[in-house]
Amino acid sequence: LTQVAKATAVLRGRDYVVPDDIVENVLPVCTHRVVTKNWMHNGHGEHSAKKVLEGIMEGVGAPV
């Protein structure tokens with residue numbers, strides 16, 4: 001996540017990362033790393049993992 005956030009910043013012409021660089025990349029980078037009970041039972045956990053991560057992102061505010 002750190003590396004892709006740095007790459008996103010460079011692609012946007014910055015030499016520093018902003019919170020939006022992290023937020024934008026959380027789902028593409030982390031979804032496959034979350035294993036839910038739904039996946040354990042029927043093998044279809046990608047949508048559940050996405051919902052879990054979206055919930056976390058909504059609950060955690062960006063730094064000020």
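Atom set for the values below is all heavy atoms of this structure, side chains included, hydrogens, waters and symmetry mates excluded.
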> Do Val17 and Val4 share a hydrophobic cluster, counting only Ile, Leu, Val, Met, Phe, Trp and Tyr and linking them when any side-chain heavy atoms are less than 4.5 Å apart?
Replying inline: yes
> Heavy-atom distance under 4.5 Å between the side chains of Arg12 and Val18, does that happen here?
Replying inline: no
> Would you say the side chain of Val10 lies within less than 4.5 Å of the side chain of Lys6, judging by non-hydrogen atoms?
Replying inline: no
> Between Val29, Leu27, Val34, which is the residue that forms a side chain to side chain contact (heavy atoms under 4.5 Å, CB included) with Thr31?
Replying inline: Leu27
> Only one of Leu11, Thr8, Leu1 forms a side chain to side chain contact (heavy atoms under 4.5 Å, CB included) with Asp21, so which one is it?
Replying inline: Thr8
